[in-house]
Amino acid sequence: MKRMKKTSLFITILLITSLIFVGCGGDGNENVDATQNEVYTLKVSELINEENPTHKATVFFKELLEEKSGGRIKVEIFSNGQLASSDRDQLEQVQNNIVQMCMAPTFTMASMSPELNVFNIFDVPYLINTKEDLDTFINSDIGKEIRQTFFEKTGLRLYDSYSGGSVIISSNSKTIRSPEDIKGLDIRVIPSDTYINLVKSWKGNPTPLAWSEVFTALQQGVVDGMMTRTALYYTASLYEVQKYIGCVNPFFMVYSPVLNNDWYESLPEDLKPIVDECMNACAQKAGELEGDFERYSIEQIRATGKTEVTEYTPEELQVFADAAKNTWSKMADIVGGQEYLDRCIEVLNK
């Protein structure tokens, strides 16, 4: 009996020892498994509401990234300015990793440091004013250079650019058939030298006003008209206080998805190319949806019967372009120097 007890005790000790060795030794896969199971949260800040085409592109991005990452990346979207009150606020929050992503307009990127004024190139009138121009520029060596400069100066990763809509002009006094119809009008613009110089080239009086003041200023006749992207005339009901719109299309409002690099570098190597792919897919989707919505906005404004929308033949549009191109020589310092401007003109064959 004693011998049996000793044998049983020996077997029990042997089993416990074996289990301990198995637990300590492992097969080297614990770290891999932990990485595979970790979930990374990507917060996106937006100033826009859920009806905006760019928001819908961000939802597309969320679904795509969560699917392609197998659920290892979770995307949280904060719309309606929940976390920021301006484009600059959003960019700074992405810099500080408070949120990890936003859609940023090029004119805000240009304001972040003197070296980034090269982003003002997108607002040179009639230089980048077609989808073909935009694709040519962002895929050129210069386009790659300015993305690298942005990364070096901000620590933010910049992805493909897309058009947030063409800029058009409006008036309450008469149909805008040529620059002569803008002469003497007080036109609301954003506080940008490129917009100001453009309106001056058409002999108008550029009047910077905050967006929050625009509707009332138009309604009360403080200004005669304004410039902004097409869709905003519809979504902000500006057709209620503007009788005439001219689709002069001197440039786009160009946006790009921006991502915090520290968050990106914290990812396992297998997830980084998935993020890159989905960020560029988001930009492409946003461009498609914004283009569709721009056309829809024009149709809806016309349907109200309250605003006359004028579109131009190539020959008519060229008159606006010829007058505006007189400002190019004044814009060298605004966009990063004459040599840089000349390179861009050459790349775009303008």
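No experiment lies behind these values; they were computed from the predicted model shown.
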Qualifying ring-ring contact (aromatic ring centres under 6.0 Å, His included) pairs with a residue from residues 199-230, counting only residues at least two apart or across chains: W202-F320
hydrophobic_cluster_shared for Y255 and Y159, side chain cutoff 4.5 Å: yes
Distance, nearest 0.5 Å, that separates CD of Q82 from CD1 of I77: 10.5 Å
Heavy-atom pair with the smallest gap, counting every atom of C102 and S45: CB-O, 3.7 Å
Heavy-atom check, side chain of L116 versus side chain of T154, under 4.5 Å: yes
Donor-acceptor pair between E308 and T175 side chains, under 3.5 angstrom: yes
N349, CG: over 12 other non-hydrogen atoms inside 6.0 angstrom: no
Shortest non-hydrogen separation from W263 to T41 and the atoms involved: NE1-O, 3.0 Å
Linked, directly or transitively: V59 and M279 (ILVMFWY side chains, under 4.5 Å): yes
Between N97 and Q100, a side-chain donor and acceptor under 3.5 Å: yes
Approximate separation, where rounding is to 0.5 Å, of I334 CD1 and L341 CG: 10.0 Å
Common cluster, F151/L267, ILVMFWY with side-chain heavy-atom separation under 4.5 Å: no
Parallel, tilted or perpendicular: ring planes of F119 versus F150, cut at 30 and 60 degrees: perpendicular
Close side-chain approach of L198 and M227, heavy atoms under 4.5 Å: yes
Partner set under side-chain hydrogen bond (donor to acceptor under 3.5 Å, both in side chains) for N205, not counting sequence neighbours: D186
D322 and Y126: side chain donor to acceptor below 3.5 Å: no
Connected via hydrophobic side-chain network under 4.5 Å: L185 and I190: yes
Pair Y233-S170, side-chain donor/acceptor within less than 3.5 Å: yes
E265: partners by side-chain hydrogen bond (donor to acceptor under 3.5 Å, both in side chains), with sequence neighbours left out: K272
E290 and T54 side chains, donor-acceptor separation under 3.5 Å: yes
L127 versus D133, closest heavy-atom pair with distance: O-OD2, 3.5 Å
Test item: side-chain donor near acceptor, S178 and E180, under 3.5 Å: no
Interatomic spacing from CD in Q284 to CZ in F60 - rounded to 0.5 Å: 8.0 Å
Identified side chain to side chain contact (heavy atoms under 4.5 Å, CB included) counterpart of M226 within the set L232, L209, V214: V214
Nearest-0.5 Å distance that lies between atom CE in M101 and atom CD in E46: 8.0 Å
Flag, side chain of S111 to backbone of T108, donor-acceptor distance under 3.5 Å: yes
Residue pair I121, Y340: steps toward the side-chain contact (heavy atoms from CB on, under 4.5 Å) verdict: CA-CA 9 Å; I121 197 70; Y340 172 71; 3.6 Å; yes
Side-chain heavy atoms of E50 within contact of N80, under 4.5 Å: yes
Any L218 side-chain heavy atom under 4.5 Å of R188 side chain: no
From CA spacing to verdict: side-chain contact (heavy atoms from CB on, under 4.5 Å), R147, I138: CA-CA 9 Å; R147 285 198 291 275; I138 64 175; 4.0 Å; yes
Within 6.0 Å of CG in D333, more than 12 heavy atoms from elsewhere: no
pair D276-R157: side-chain heavy atoms closer than 4.5 Å: yes
Inter-residue atom distance Y239.OH - I298.CD1, 0.5 Å rounding: 13.0 Å
Non-hydrogen side-chain atoms of I182 and S171 separated by less than 4.5 Å: no
Check: F251 ring centroid to Y195 ring centroid under 6.0 Å: yes
Worked check of side-chain contact (heavy atoms from CB on, under 4.5 Å) between D224 and N172: CA-CA 6 Å; D224 301 303; N172 255 335; 5.7 Å; no
Contact check, side chains of L91 and Q95, non-hydrogen atoms, under 4.5 Å: no
Over all atoms of both residues, closest heavy-atom pair of A104 and M109: O-CE, 3.2 Å
Enclosure of K43 NZ (heavy-atom neighbours >12, cutoff 6.0 Å): no
Short N-O contact, R72 and D270, less than 4.0 angstrom: yes
Q242 and T307: side chain donor to acceptor below 3.5 Å: no
Whether F137 and F122 hold their rings parallel, tilted or perpendicular, with breakpoints at 30° and 60°: perpendicular
I98 vs L83 side-chain heavy atoms within contact, under 4.5 Å: no
Backbone of I274 reached by a side-chain donor or acceptor of K68 within 3.5 Å: no
side-chain contact (heavy atoms from CB on, under 4.5 Å) evaluation trace for F252 with K131: CA-CA 9 Å; F252 301 118; K131 299 293 195 303; 4.1 Å; yes
Worked check of side chain to side chain donor-acceptor pair (under 3.5 Å) between E277 and N280: CA-CA 5 Å; E277 176 189 349; N280 285 326; over 6 Å; no
Greater than 12 external heavy atoms within 6.0 Å of K350's NZ: yes
Heavy-atom closest contact (S266 atom, Y40 atom, distance): O-CE2, 3.9 Å
Nearest atoms (heavy-atom pairs only) where G246 meets Y312: CA-OH, 3.3 Å
Rounded distance (nearest 0.5 Å) linking atom CD of E294 with atom OG1 of T230: 3.5 Å
ILVMFWY network linking L289 to F61, side-chain heavy atoms under 4.5 angstrom: no
Charged N-O contact under 4.0 Å between E92 and R88: yes
